[in-house]
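Working notes for the structure below.
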Amino acid sequence: MKDSPLDNLNMLAHYASQASNQKGLFATGPLDSKGLGPQSVLTSVPDRDKGEHTKVFGKMTGGETSSTKYQQKLGTAEPRTDYEILHGMGHGEGGKKTQSPNNLASASHGANTAMIPPDKAISGNPDVIVDTKFAMRPGTQRAEYVDQRFFHKDFPDQPFFQQRIDGDRPKVTQSEYNKLKEQSALFSDPDTLRGAAHLMNLGKKTGSNGGDT
């Protein structure tokens, strides 16, 4: 995660390669959409079986439990890239239902890391609705990209947070991770989030009633 002087050049090279090979954020359709659909965050989640998602993933792939080996066998793995089994909705947000095949996909360690700060920020807040989706390469368990989206229950049509993450994303540097943590901290407090969500939608509500802004 530590920053390197070469990080920016490596990222440029990565996305140039992705564009050339039509992978990740540059994947051309049709892509299959996968996810649990809108799900409310639970106030608490009991301890999980840490190996459950690996067992489920193995059934999904016909026996391969390693996300990295799975991508290598597909021929879709980027060089020197580790892949992991991603949860669209984190287990800490939704509990047992998140171990469903509809909520699991193969993507890079970097993609998984980029999802962590926002997931941690909403943990235990039942006002939040998670509707994270994977854009899947057809016929595979590979996510070309992830659309991580959070909504406030009072405004289910307007996400207060969303990010699109490359499924082959390189490792997150320390400065990138710190920036994600800083951004996510803005909605980690339930009262602050509720007020911000209302402010975000104030103009839209006023406009729909024909009032002036």
So, taking the atom named OG in Ser106 and the one named NZ in Lys69, what distance separates them when rounded to the nearest 0.5 Å? 13.5 Å
Are Glu84 and Ser67 linked by a side-chain donor-acceptor pair shorter than 3.5 Å? no
Val128 side chain reached by Leu193 side chain, heavy atoms, under 4.5 Å: yes
Between Ile165 and Tyr145, is there a side-chain heavy-atom distance shorter than 4.5 Å? no
Would Leu186 and Thr192 count as a side chain to side chain contact (heavy atoms under 4.5 Å, CB included) here? Give the steps. CA-CA 8 Å; Leu186 297 175; Thr192 301; over 6 Å; no
Please tell me if the side chains of Tyr15 and Asp166 come closer than 4.5 Å, counting only heavy atoms from C-beta onward. yes
Would you check if the side chain of Lys153 reaches a backbone N or O of Pro126 as a donor-acceptor pair within less than 3.5 Å? no
Rounded to the nearest 0.5 angstrom, the CG-OG1 distance for Asn10 and Thr173 is 11.0 Å
Heavy-atom distance under 4.5 Å between the side chains of Gln148 and Pro118, does that happen here? yes
Same apolar cluster (I L V M F W Y, side chains within < 4.5 Å links), Met136/Val146: yes
Report yes if the side chains of Pro117 and Tyr177 come closer than 4.5 Å at any heavy-atom pair, otherwise no. yes
Side chain of Thr61, backbone of Phe57: donor and acceptor closer than 3.5 Å? yes
Without swapping roles, check the side chain of Gln22 against the backbone of Ala19 for a donor-acceptor pair under 3.5 Å. no
Atom pair CG (Asn102) and CZ (Phe134), whose distance is rounded to the nearest 0.5 Å: 10.5 Å
Main-chain N/O of Gly51 paired with Asp49 side-chain donor or acceptor, under 3.5 Å: yes
What about Ile122 and Leu36, same hydrophobic cluster or not, with Ile/Leu/Val/Met/Phe/Trp/Tyr joined at side-chain heavy-atom distances under 4.5 Å? yes
Any side-chain donor near an acceptor of the partner, Asn178 and Gln174, under 3.5 Å: yes
Heavy-atom closest contact (Gln141 atom, Tyr70 atom, distance): N-OH, 2.8 Å
Using side-chain heavy atoms (C-beta onward) and a distance below 4.5 Å, is Glu78 in contact with Lys23? yes
Atom pair NZ/OG1 of Lys73 and Thr140 - distance to nearest 0.5 Å: 14.5 Å
Distance from Met60 atom CE to Leu104 atom CG, nearest 0.5 Å? 5.0 Å
Counting the benzene-type ring for Trp, do Phe160 and Phe187 have ring centres under 6.0 Å apart? yes
Decide yes or no for Pro138 and Leu31: does some side-chain heavy atom of the first lie under 4.5 Å from some side-chain heavy atom of the second? yes
Would you say Ser17's side chain and Ala13's backbone share a donor-acceptor pair under 3.5 angstrom? no
Between the side chains of Glu176 and Arg169, is the shortest nitrogen-to-carboxylate-oxygen separation below 4.0 Å, so that they form an ion pair? yes
Taking the side chain as everything from C-beta on, heavy atoms only, tell me whether Ile129 gets closer than 4.5 Å to Phe155. no
Do the side chain of Thr113 and the main chain of Ala111 share a donor and acceptor less than 3.5 angstrom apart? no
Side chain to side chain contact (heavy atoms under 4.5 Å, CB included) between Asp127 and Arg194, intermediate numbers included: CA-CA 8 Å; Asp127 288 345; Arg194 186 179 301 110; 2.8 Å; yes
Return yes when atom NZ of Lys120 has more than 12 non-hydrogen atoms of other residues, nucleotides or ligands closer than 6.0 Å, and no otherwise. no
Donor-acceptor contact below 3.5 Å, side chain Lys97 vs main chain Asn103: no
Interatomic distance, Phe150 atom CZ to Gln163 atom CD [nearest 0.5 angstrom]: 8.0 Å
Residues pairing under salt bridge (charged side-chain N to carboxylate O under 4.0 Å, His left out) where one sits in residues 128-152, two or more places apart or in two chains, turn out to be Asp131-Lys133, Asp131-Arg149, Arg137-Glu144, Arg142-Glu144, Arg142-Asp168, Asp147-Arg164
Exam field: side chain Ser188 to backbone Ala185, donor-acceptor pair closer than 3.5 Å: yes
Classify the side-chain pair His87/Gln99 by whether it contains a donor and acceptor separated by less than 3.5 Å. yes
Run Glu93 and Leu42 through side chain to side chain contact (heavy atoms under 4.5 Å, CB included) and show every step you take. CA-CA 6 Å; Glu93 301 155 24; Leu42 302 179; over 6 Å; no
I would like to know whether Phe151 and Gln158 meet side chain to side chain contact (heavy atoms under 4.5 Å, CB included); could you show each step before the answer? CA-CA 6 Å; Phe151 300 76; Gln158 175 65 41; 5.5 Å; no
